[in-house]
Amino acid sequence: MNARHVWTVAKKEFRGIGQERTIVLAILLQVFIAMFSSFLVIGLTSLYDPASMDRSGSVYAVGYAGADSPLQGILEADDTFAVYRMDLSPAVAALKERQLAAVVYVPPTPPDAVESVQVTLYTLKNDIQTAVVGVELKEDFEEYETLLRYARADRLSAAPIEVAVPAGTGGQSFFLFIYGLLIPLLLFMPAIISASLIIDFITEEYSAHTLDTLLSTPLTFTEILWGKVFAAWVLVPLQGGAWLLLLGLNGIAVHNIVEVLVHVSAASFVLILLGALAALHFRDRTNAQFIFSTGLVVVLLVALAAPANPANFIVLLAAGADVPWHWAALAVVLCGTLLLATVIDRYARLIARRAMA
């Protein structure tokens with residue numbers, strides 16, 4: 001195989017990518033999102049866990065209606081709320097006019113009564129502030145629930161088991177969202193895009209009937225194939241590196257950048273080879289994309305079921321954890337990639353021989 005021929009095909013595909021507006025716009029959109037990732041992270045984290053939002057000294061007006069109960073004292077002791085004792089109807093009317101953030105109604109059920117105490121919470125539907133207030137109220141409700149449990153402890157026929165739950169640390173949800181979800185998602189997005197690109201690279205030669213023209217040159221079929229694979233693969237570390245750089249500029253520290261990019265590049269090469277195999281077999285873009293997309297779901301589910309998968313390595317490495325055995329796992333992935341590449345190369349040679357027969 002002539003490396004210069006492979007590079008010639010790759011350059012042709014690079015020029016094609018530059019002329020493909022959809023692909024260019026997709027890449028520019030990713031870069032644009034990364035440039036403002038700090039703003040997006042705060043917004044997405046607030047949806048992932050509203051409690052992670054900084055209160056910034058906000059005080060929410062809450063109406064309290066119904067019977068006297070320890071819950072009123074719990075709410076009044078919470079600096080997050082300004083509690084107003086009101087009748088239920090005026091309180092709900094004030095809630096609809098957004099003069100209150102929520103209304104809590106407590107029935108006249110004694111704490112030690114036989115029946116359950118059903119506290120009713122009135123909030124606005126589909127409101128961001130409601131989501132935040134609901135999370136804050138949950139803590140007070142849980143404290144009230146604990147008081148009720150103590151008041152009814154004599155009904156227990158067995159002693160409950162004490163579970164030692166470690167105390168939470170501030171910013172944990174933010175940390176989990178950034179390193180456990182956002183970074184793997186951003187890094188594997190270019191891999192999935194490139195795997196779809198290789199299908200377009202190959203099938204368009206069949207649909208446009210340009211493959212015969214290419215084969216009339218000194219290029220071989222396998223050189224054409226690997227040139228396209230290289231053009232699709234090299235976009236992954238470039239886009240992944242741009243993501244990490246822009247995340248760093250936005251104040252999000254990513255550790256072990258080289259190791260992270262190596263794992264992403266190796267995993268993406270497997271996906272690209274699978275896309276190439278689907279394109280070579282079906283030669284039709286629609287069928288190849290459908291089969292590849294279906295197979296991709298299966299491959300991802302199987303890979304994520306294993307603890308030692310590239311996504312977990314990226315999370316640990318990006319967070320700065322010491323993972324000394326990740327190189328051994330990478331070697332296993334590379335061996336599998338080499339085997340898959342050999343199968344595809346032989347399949348491409350078989351297709352070329354049949355075409356020339």
Side-chain angles (χ1 to χ4, degrees), residues 1-20 22-23 26 188-237 239 264-303 310 333-357:
M1 184 182 301
N2 191 320
R4 191 163 59 89
H5 291 172
V6 174
W7 175 242
T8 300
V9 176
K11 286 194 295 183
K12 167 184 171 294
E13 298 301 337
F14 286 141
R15 287 194 295 270
I17 292 174
Q19 297 171 358
E20 181 60 47
T22 304
I23 297 174
F188 278 107
M189 187 186 300
I192 295 174
I193 292 176
S194 292
S196 298
L197 272 179
I198 189 62
I199 295 177
D200 291 349
F201 287 167
I202 295 174
T203 55
E204 72 178 0
E205 300 291 358
Y206 286 104
S207 60
H209 304 289
T210 54
L211 185 59
D212 294 336
T213 304
L214 285 175
L215 291 176
S216 64
T217 65
L219 300 174
T220 66
F221 187 75
T222 53
E223 289 171 347
I224 295 172
L225 170 66
W226 291 115
K228 294 176 180 296
V229 169
F230 177 76
W233 173 79
V234 77
L235 295 176
V236 177
Q239 290 187 67
V264 171
S265 301
S268 65
F269 200 68
V270 175
L271 298 181
I272 292 171
L273 289 179
L274 292 176
L277 182 61
L280 287 175
H281 184 73
F282 292 100
R283 305 181 185 180
D284 176 75
R285 181 181 183 277
T286 303
N287 291 333
Q289 289 283 11
F290 175 75
I291 296 299
F292 171 75
S293 301
T294 305
L296 178 63
V297 174
V298 177
V299 170
L300 290 179
L301 290 177
V302 172
V333 173
L334 291 179
C335 290
T337 305
L338 181 62
L339 179 62
L340 181 60
T342 303
V343 171
I344 292 176
D345 187 81
R346 292 188 177 183
Y347 188 53
R349 293 177 188 275
L350 178 62
I351 292 175
R353 285 198 298 269
R354 287 178 178 175
M356 297 177 64

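In this chain, residues are counted from 1 in sequence order. None of these values were measured; they are calculated from a predicted model.
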Please find the pair of heavy atoms, one from [X] and one from [Y], that lie closest to each other, and give the distance.
X: Y347; Y: H281; value: OH-ND1, 3.0 Å
X: W226; Y: A341; value: CZ2-O, 3.6 Å
X: L235; Y: S194; value: CB-OG, 3.9 Å
X: A288; Y: A278; value: CB-O, 3.8 Å
X: A348; Y: L225; value: CB-CD2, 3.6 Å
X: T337; Y: A266; value: OG1-O, 4.3 Å

Can you tell me how far the [atom1] atom of [X] sits from the [atom2] atom of [Y], to the nearest 0.5 Å?
X: L300; Y: F188; atom1: CG; atom2: CZ; result: 8.5 Å
X: L277; Y: I344; atom1: CG; atom2: CD1; result: 5.0 Å
X: L197; Y: I192; atom1: CG; atom2: CD1; result: 12.5 Å
X: I199; Y: F290; atom1: CD1; atom2: CZ; result: 12.5 Å
X: L280; Y: T203; atom1: CG; atom2: OG1; result: 10.0 Å
X: T286; Y: I291; atom1: OG1; atom2: CD1; result: 11.5 Å

query = Is the side chain of W233 donor-acceptor paired with the backbone N or O of S268 at a distance under 3.5 Å, no angle test?
reply =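 No; judged by distance alone, with no hydrogens or angles, the pair does not exist.
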message = Under the rule for side chain to side chain contact (heavy atoms under 4.5 Å, CB included), what residues qualify as partners of Y206, not counting sequence neighbours?
response =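 Y206 satisfies side chain to side chain contact (heavy atoms under 4.5 Å, CB included) with I202, L211, F221, R283, I351 once adjacent residues are dropped.
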ask   = Any side-chain heavy atom of F269 within less than 4.5 Å of one from V229?
value =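 In contact.
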ask   = Does a side-chain heavy-atom distance below 4.5 Å link L274 with L340?
value =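 Answer yes - side chains close enough.
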query = Under the salt bridge (Lys or Arg N to Asp or Glu O under 4.0 Å) test, which residues partner D284, sequence neighbours left out?
reply =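 D284 satisfies salt bridge (Lys or Arg N to Asp or Glu O under 4.0 Å) with no other residue.
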message = If the condition is salt bridge (Lys or Arg N to Asp or Glu O under 4.0 Å), which residues does E223 pass it with, not counting sequence neighbours?
response =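 Testing E223 for salt bridge (Lys or Arg N to Asp or Glu O under 4.0 Å), a comparison that skips the adjacent residues, returns none.
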